[in-house]
Each structure stands twice: as C-alpha cells, then as structure tokens.
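Step one of this worksheet: look at the structure below.
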Amino acid sequence: MKKAFTLAEVLITLGIIGVVAALTMPVLIQNHKEKTTVARLKKTYSVLSNAYMLALNENPDVTSWFPSDEISENSKIFFDKIKPYLKIQKECGFEKGCLTSGYVKTLDGRNYTIYDERDDEYRFILSDGTTLWFYISINDLDLVNENGIGNIKVDIDGKKGPYTFGKDVFLFYITTNKIVPYGTQNTTINSVSFDYACNKSKTTDVNGIACTAWVLYNENMDYLHCNDLSWSGKVRCK
C-alpha cells in the first residue's frame, strides 16, 4: 500500500499556512511600503537640492529673485527658477485638482488643511508622479529666523496614498543657500521639532511635519510603530 496524506491532513496544513500568511503578509506589505517611501523621499530630496544648487549657480543672490512680498507671485518665481533642472510631468500652477482633495491629516489623525483649495502655493507633478507645491514667504518670521524664505511640500505618491503628514506628505524649508528637511536635529523651524511634531501619541496642530529629516537620515519610519524614538537615543522600535 502507498502512503499518503489524508484529505483532512491536507486541509489542516493549508489552514495553518493560511493563518500564518494572514498574520505575516500585512507586516511584510507595510515594511515594503515604508522602504519604498524612504527611497522615493531620498530621491526627491536629491532632485530638489540639485535643482536649487544649479539655479543658485545662475544667480546666487536669492533675495534679488523676488521683487515684492506677494506670496503667490514669489512661489511662481521660485518655480520658474528651478524648473529648467526638473523633469516635470504636469504644471498645475494655482489651479485646483493637482493635489489630493480633502484635508491632509496630521500624524495623530486630525484634519489640518485643504491644500488643493489654497491659491498661494505653486504646484506641479514630477515625471515619477511625485506632487510638490512651493510656498515662498520672505517675511515669515519663523522662516527668516532660520535664514529661510519658504517651504516645499511633497506628496511622494501623488493621489494614491493616505495624504497624511509623516506618511506620504513631507516638508522641507528653503534657505537662501539650500533645502533643509523639517525635523532636523537641533533645528526648530516654525517652532517644531521631531519630539513635538513626529509622534502619534501627541496632539499637536502640525503633528507629522517634523518627520522628514528622520526618514532621510535614519532611513526608517518607525515613528509609526512606537512613540519613544529620539535623535539622541532610540532610533528604531526594536
């Protein structure tokens, strides 16, 4: 007689495999998504920094770029200066429909603002689908105190993601000579720091905007999974 598994044994084995897959697949998918986000954000940061550097080579006196204090006008001017050094799929300008509709969420799940309805930030889409919008305010004291002239908001997956600060929406501020990620160690641009504005357990108006530097420098998004990370101590949940 030939030995073989019974139908019941096969079904039990398949059931066990199914349970294990159900427990592990969400974790694997989440890990892959976070690694993809890290890679795309690093690429976008490199592209923006390089474009800004090349524009500065043409005219290093950034203050001379802007003839007035008008935010929308200056946002468009800044775009025009670095546009030649970017691969752009679509230029949306101030028109609605380029950005994800509805509220962008804070990291702790609250509504922040509807960027698609604002008319003072210049928006466009890169060739890889990354959506960006520029906000240039040369008299914003919080920015000026850090030698800044404005900020850049990046939605790394366009309209496909959750549209949440620290998950798929990340911020950089623009100084007169470089682009800097929000949440950099020992920097509190706009009075926010990693501890204050990149922690799911805290209820802050801008929670999530200070996650950008963490993603770039530590190459992880573990702040989504634990609340006790710090620049000077624990940099991973495990």
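- Within the structure, disulfide (SG to SG under 2.5 Å) pairs that include any residue of residues 54-84 do not occur (at least two apart or interchain).
- A 4.5 Å side-chain heavy-atom check between Val215 and Pro181 finds every atom pair outside the cut-off.
- Partners of Lys90 under the side chain to side chain contact (heavy atoms under 4.5 Å, CB included) rule, at least two apart in sequence or in another chain, are Cys92, Ile125.
- Shown here are the side chain to side chain donor-acceptor pair (under 3.5 Å) partners of Gln89, two or more places apart in sequence or in another chain: there are none.
- Judged as a side chain to side chain contact (heavy atoms under 4.5 Å, CB included), and not counting sequence neighbours, Pro60 has no contacts.
- Taken to the nearest 0.5 Å, the NZ atom of Lys81 stands 5.5 Å off from the CG atom of Asn59.
- Note on residues 85-107: pairs passing ring pair (Phe, Tyr, Trp, His ring centres under 6.0 Å), not counting sequence neighbours, are Phe94-Tyr122.
- With sequence neighbours excluded, no residue forms a side chain to side chain contact (heavy atoms under 4.5 Å, CB included) with Ser101.
- Not one N or O on the side chain of Thr113 forms a donor-acceptor pair closer than 3.5 Å with the backbone of Tyr115.
- Side-chain contact check for Ile138 versus Asp69: some heavy-atom pair is nearer than 4.5 Å.
- Side-chain atoms of Asp128 and Lys43, non-hydrogen and from C-beta on, do get closer than 4.5 Å to each other.
- In terms of modelled atom types and a separation under 3.5 Å, the side chain of Thr106 and the main chain of Tyr112 share no donor-acceptor contact.
- Under the 3.5 Å distance criterion, the side-chain polar atoms of Lys153 are left unmatched by any main-chain donor or acceptor of Trp133.
- Here the straight-line distance linking atom CG of Leu132 with atom CG of Leu126 works out to 5.0 Å at 0.5 Å rounding.
- Side-chain atoms of Arg40 and Thr130 include a donor-acceptor pair closer than 3.5 Å.
- Using the six-membered ring where Trp is involved, Phe134 and Phe79 have ring planes that are tilted, between 30° and 60° apart.
- Under the salt bridge (Lys or Arg N to Asp or Glu O under 4.0 Å) criterion, no residue pair touches residues 54-68, with sequence neighbours excluded.
- Sorted by first and then second residue, the side-chain hydrogen bond (donor to acceptor under 3.5 Å, both in side chains) pairs involving residues 206-220 (not counting sequence neighbours) are Lys42-Glu219, Asp108-Asn207, Trp214-Asn220.
- For the side-chain hydrogen bond (donor to acceptor under 3.5 Å, both in side chains) condition, no pair includes a residue of residues 44-56, sequence neighbours left out.
- Annotation: side chain to side chain contact (heavy atoms under 4.5 Å, CB included) contacts of Lys159 (sequence neighbours excluded): Thr100.
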Using distance only, find each side-chain donor-acceptor pair of residues 163-171 under 3.5 Å and give its atom names and separation, not counting sequence neighbours.
unit_1 : atom_1 : unit_2 : atom_2 : d
Thr164 : OG1    : Pro162 : O      : 3.4
Asp168 : OD1    : Tyr163 : N      : 3.1
Asp168 : OD1    : Thr164 : N      : 2.7
Asp168 : OD2    : Tyr163 : N      : 2.9

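- Two residues are said to be in side-chain contact when any heavy atoms from C-beta on lie closer than 4.5 Å; Trp65 and Asn74 fail this criterion.
- Residues satisfying the salt bridge (Lys or Arg N to Asp or Glu O under 4.0 Å) criterion with Asp195, sequence neighbours excluded, are absent altogether.
- A distance of 11.5 Å separates CG of Leu41 from CG of Asp157, quoted to the nearest 0.5 Å.
- Surrounding NZ of Lys35 are at most 12 heavy atoms belonging to other residues, nucleotides or ligands under 6.0 Å away.
- The closest side-chain heavy-atom distance from Ile77 to Asp80 is not below 4.5 Å.
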